Amino acid sequence: MDRPQTVDAYIERTTGKSREVLEQVRAPALEGAPEASEAIKWGHPAWVHPSGTILFVASAHAKHANVVFTPSTREAFDADLDGFSIGKGSVKLPYGRPVPVDLLRGMIAFRVREHEDDGVLWM
């Protein structure tokens, strides 16, 4: 099967909880970064600033979705991420657990600001 070429196609290929979680990630992305374009990067949905810099990436996996920001964005929200599995810039969103939409909104706003005001590029 060919890799999806659009975010819509990526989400359409997912089912059940993974689709629900990706749709819940996409909504605050469209709200918080309305000028960003959606693209497929490394085979996964990405939101790209008009300057060409990736703001963040999402992906669906067997038991969780992953949202990847810059390490500085993720670190700025460490206190709010208690109970989540995290990586260098990533946050795992396990299926069957409510998606922290307000937290994602804050992280997206922070990421847009850090890029526009501080010039923070992608990793």
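Everything quoted here is computed from the prediction, not taken from an experiment.
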For Leu93 and His64: C-alpha separation, side-chain torsions, deciding distance, then whether side-chain contact (heavy atoms from CB on, under 4.5 Å) applies.
CA-CA 5 Å; Leu93 304 174; His64 69 277; 5.7 Å; no

Shared ILVMFWY cluster between Val67 and Val112, side chains joined below 4.5 angstrom?
yes

State which residues pass side-chain hydrogen bond (donor to acceptor under 3.5 Å, both in side chains) with His44; sequence neighbours excluded, sorted by chain then number.
Tyr10

Applying side-chain contact (heavy atoms from CB on, under 4.5 Å) to Ser37 and not counting sequence neighbours gives Val48

Before giving the answer on side-chain contact (heavy atoms from CB on, under 4.5 Å), spell out for Ile54 and Trp42 the whole-Å C-alpha distance, their side-chain angles and the decisive distance to 0.1 Å.
CA-CA 12 Å; Ile54 295 170; Trp42 309 287; 3.3 Å; yes

In short, salt bridge (Lys or Arg N to Asp or Glu O under 4.0 Å) pairs touching residues 97-114 with sequence neighbours left out are Glu31-Arg105, Asp102-Arg105, Arg111-Glu114, Arg113-Asp118

Distance in Å, Thr14 OG1 paired with His61 NE2, rounded so as to fall on 0.5 Å steps:
12.0 Å

Between His115 and Val120 (side chain of the first, backbone of the second, donor and acceptor by atom type, cut-off under 3.5 Å), is there such a pair?
yes

side-chain contact (heavy atoms from CB on, under 4.5 Å) involving Ala76 - partner list, sequence neighbours excluded
Phe110

Atom pairs and distances, side-chain donor-acceptor, residues 77-85, under 3.5 Å, sequence neighbours left out:
residue, atom, partner, partner atom, Å
Asp78, OD1, Arg74, NH1, 2.2
Asp78, OD2, Arg74, NH1, 3.3

Looking at every heavy atom in both Ala39 and Val7, which two are closest together, and how far apart are they?
O-CG2, 3.7 Å

Show, in sequence, the C-alpha distance, side-chain angles and deciding distance for Glu116 and His49, and conclude whether the side-chain contact (heavy atoms from CB on, under 4.5 Å) test is met.
CA-CA 9 Å; Glu116 291 180 350; His49 190 274; 2.8 Å; yes

Applying side-chain contact (heavy atoms from CB on, under 4.5 Å) to Ala58 and not counting sequence neighbours gives Leu22, Val25, Trp47

For Glu20, check side-chain hydrogen bond (donor to acceptor under 3.5 Å, both in side chains) against everything at least two apart and list the hits.
none

Path from Leu121 to Phe69 over hydrophobic side-chain contacts below 4.5 Å:
no

How close do Ala29 and Phe56 get, counting heavy atoms only, and between which atoms?
CB-CZ, 3.4 Å

Check the hydrophobic clustering (I, L, V, M, F, W, Y; side-chain heavy atoms under 4.5 Å; chains of links allowed) and say if Val21 and Val68 are grouped together.
no

Closest non-hydrogen atom pair between Val57 and Ala46, with its separation
CG2-CB, 3.9 Å

Partners of Glu38 by salt bridge (Lys or Arg N to Asp or Glu O under 4.0 Å), sequence neighbours excluded?
Arg26

Would you say the side chain of Glu12 lies within less than 4.5 Å of the side chain of Arg19, judging by non-hydrogen atoms?
yes

Which pairs with one or both residues in residues 53-68 pass salt bridge (Lys or Arg N to Asp or Glu O under 4.0 Å), sequence neighbours excluded?
none

Side chain Glu35, main chain Ala33, donor-acceptor under 3.5 Å:
no

For Ala109, side-chain contact (heavy atoms from CB on, under 4.5 Å) partners two or more places apart:
none

Verdict with supporting geometry, Ile108 and Leu55, side-chain contact (heavy atoms from CB on, under 4.5 Å)
CA-CA 8 Å; Ile108 292 165; Leu55 296 172; over 6 Å; no

